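Written below as structure tokens is the structure these notes are about.
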There are 2 protein chains.
Amino acid sequence: MSVRDLHSRKVICDSSEPQTLSEQVFNELKDAIISGELDQGSKITEDGLAKQYGISRGPLREAIRRLEAIRLLVRIPRAGMRVVTLTSEIMEEIYTVREALEGMSARLAATKMSDKDIESLSSLLDKHQNSIDKSQGTKYFQREGNLDFHYRIAKASNNQWLIDLLSSELYQLLRMCRQRSGQTPARPSKAIQEHRLIVEAIRERDAELAELLMRRHISGAWKIVKNLLNEEQNAKNLEEQA
Amino acid sequence: MSVRDLHSRKVICDSSEPQTLSEQVFNELKDAIISGELDQGSKITEDGLAKQYGISRGPLREAIRRLEAIRLLVRIPRAGMRVVTLTSEIMEEIYTVREALEGMSARLAATKMSDKDIESLSSLLDKHQNSIDKSQGTKYFQREGNLDFHYRIAKASNNQWLIDLLSSELYQLLRMCRQRSGQTPARPSKAIQEHRLIVEAIRERDAELAELLMRRHISGAWKIVKNLLNEEQNAKNLEEQA
DNA sequence: ATTTGTTAAATTGTCAACAAACGAGTTTTA
DNA sequence: TAAAACTCGTTTGTTGACAATTTAACAAAT
């Protein structure tokens with residue numbers, strides 16, 4: 001992993017040094033869930049986690065409440081807790097919300113983004129294009145590059161709510177989606193082409209168009225993911241029949 | 001009933017009996033903050049609250065983490081906690097996010113809402129219109145009616161994420177905005193007229209139009225609120241000069 | 001054999017005490 | 001007199017123990 005990747009990862013996941021045990025275990029648990037280390041839908045107990053992470057239940061419970069708030073855990077009072085299960089329906093919901101919020105981000109970015117940042121974003125795309133052309137781009141890099149692009153747009157909206165919702169809540173689950181089925185942007189060069197169109201619209205300060213293009217970009221991405229999931233499901237069904 | 005249903009039930013019907021102390025104090029604190037009982041920006045201490053509500057700090061801290069997650073409290077580790085301060089800038093951010101999410105809700109509702117629910121929604125507007133014509137409508141009623149309309153649209157989207165975001169996170173802060181300056185829909189009859197147009201678009205199954213109208217409705221509402229805030233600010237400034 | 005009732009183990013909810021970090025006020029020193 | 005350092009009190013972070021509730025396991029009865 002390059003230094004640059006590390007940097008962007010840090011920025012996106014805002015995992016600055018945790019100052020408190022609760023925060024620390026929150027981050028560790030979050031990563032464990034997203035990476036699949038903890039299986040989706042698996043039941044977890046407070047005592048088990050407390051022993052595993054070597055802390056008492058107090059801070060752990062606070063971390064759990066936060067994970068609950070960003071929907072990585074599902075809890076039923078006095079009954080138990082499970083890791084969220086990402087069904088196709090939930091993923092569609094997430095992509096729909098993303099479409100609305102990132103569309104709005106692109107609209108705002110078209111008005112507010114500085115000329116300097118637009119150029120920087122444009123050259124970022126050049127780099128991505130390069131790494132794909134030369135086949136240097138690993139799947140991982142493509143994925144991170146994609147997130148980086150979307151994160152910059154969100155940040156340019158200058159709306160802290162949008163930024164937080166997208167980067168701390170939705171992105172975590174999105175990463176989980178991708179982890180789940182090893183998805184990578186289906187047609188990276190096409191994705192970058194779409195990114196370019198969006199940047200062009202922003203450069204022209206055409207808010208309306210920027211929003212439209214971003215929404216199409218995301219709903220298109222969902223269609224591809226949906227097809228992948230269906231194929232996967234079909235494969236599984238066949239397997240069961242055999 | 002599925003796990004998901006249980007979760008949404010908890011979020012939506014927060015009038016249901018809280019089963020745990022943490023939940024109970026979460027609700028009480030939430031109401032105290034929204035109603036203005038706790039001043040915006042006021043500093044609060046764990047020990048003080050624990051004594052005030054007669055519970056120990058354990059459950060209280062969990063409630064605090066949840067309030068932090070929905071942005072009613074702002075915390076700085078090892079330094080203290082304050083009630084959020086709703087500046088004009090933050091309110092604009094909230095309205096912007098609302099515009100994106102409720103616009104998407106209206107779009108989805110146009111496709112998914114049942115004929116029966118559309119009729120029900122339409123007759124709800126009749127009732128509101130009636131109560132305004134006869135001047136029976138208190139400000140409170142108008143406000144609740146307004147919320148009811150928006151909530152029904154959100155629910156009709158059938159997207160649990162949209163529903164939760166709008167009704168549990170944004171909605172709380174919106175109530176706080178209104179509480180703050182005793183705002184009431186500036187022109188109730190005009191608001192209802194706009195609501196009618198939205199319902200008509202949904203009835204025609206015109207998703208595009210439904211979204212457009214909802215977004216205009218909300219951005220229009222923000223402009224009115226913004227003007228009210230400015231006038232208020234000017235009045236204060238004059239007062240200080242005198 | 002299925003269902004119902006009871007009991008025990010496991011798990012969550014709650015509490016009070018302890019430890020660490022921060023801020024304010026006071027003292028000491030240049 | 002002013003600045004630096006040091007206490008002391010306050011507030012947050014953490015822990016382990018205790019109480020309440022649920023799950024399950026097992027026995028008994030129809």
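Just so it is clear: chains get the letters A, B, ... in the order the sequence lines come, proteins before strands, and each one is counted from 1. As the structure is a computational prediction, the values presented were derived from the model and not from experiment.
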Just jot down the side-chain contact (heavy atoms from CB on, under 4.5 Å) partners of B:Ala221, sequence neighbours excluded, or say none. B:Tyr95
Under the side-chain contact (heavy atoms from CB on, under 4.5 Å) test, residues paired with B:Asn158 that sit two or more places apart: B:Lys112
Without decimals, in angstroms, what is the distance between [X] [atom1] and [N] [atom2]?
X: A:Tyr53; N: D:dT15; atom1: OH; atom2: C1'; result: 20 Å
X: A:Met81; N: D:dT21; atom1: CE; atom2: P; result: 20 Å
X: A:Glu23; N: D:dT12; atom1: CD; atom2: P; result: 16 Å
X: A:Leu60; N: D:dG16; atom1: CG; atom2: P; result: 13 Å
X: A:Lys51; N: C:dT12; atom1: NZ; atom2: C1'; result: 14 Å
X: A:Leu73; N: C:dT12; atom1: CG; atom2: C1'; result: 15 Å
X: B:Ile64; N: D:dT12; atom1: CD1; atom2: C1'; result: 10 Å
X: B:Asp47; N: C:dA20; atom1: CG; atom2: P; result: 19 Å

Test the A:Arg98-A:Trp222 pair against the cation-pi criterion, namely NZ or CZ under 6.0 angstrom from the six-membered ring centroid and within 45° of the ring axis. no
With a 4.0 Å cut-off on heavy atoms, is A:Ile44 in touch with a base, just the backbone sugar-phosphate, or nothing at all? sugar-phosphate
Sequence neighbours excluded, the answer for salt bridge (Lys or Arg N to Asp or Glu O under 4.0 Å) partners of B:Asp47 is B:Lys51
Among all residues two or more places apart in sequence or in another chain, which pass the salt bridge (Lys or Arg N to Asp or Glu O under 4.0 Å) test with A:Glu99? A:Arg215
With B:Met81, the side-chain contact (heavy atoms from CB on, under 4.5 Å) member among B:Ile64, B:Leu67, B:Thr45: B:Ile64
Is there any protein nitrogen or oxygen under 3.5 Å from a nitrogen or oxygen in nucleotides 15-19 of chain C, and what are the pairs?
residue, atom, partner, partner atom, Å
C:dC15, OP2, B:Ser56, N, 3.2
C:dC15, OP2, B:Ser56, OG, 3.2

Pairs meeting criterion salt bridge (charged side-chain N to carboxylate O under 4.0 Å, His left out) with involvement of residues 53-63 of chain A, two or more places apart: A:Glu46-A:Arg57, A:Glu46-A:Arg61, A:Arg61-B:Glu62, A:Glu62-B:Arg61, A:Glu62-B:Arg65
Are A:Thr20 and D:dT12 close enough that a side-chain N or O sits under 4.0 Å from OP1 or OP2? no
Looking only at side-chain N and O atoms, does A:Arg61 come under 4.0 Å of OP1 or OP2 in D:dT15? no
The side chain of B:Glu46 lies closest to which of these nucleotides: C:dG13, D:dT14, D:dG13? D:dG13
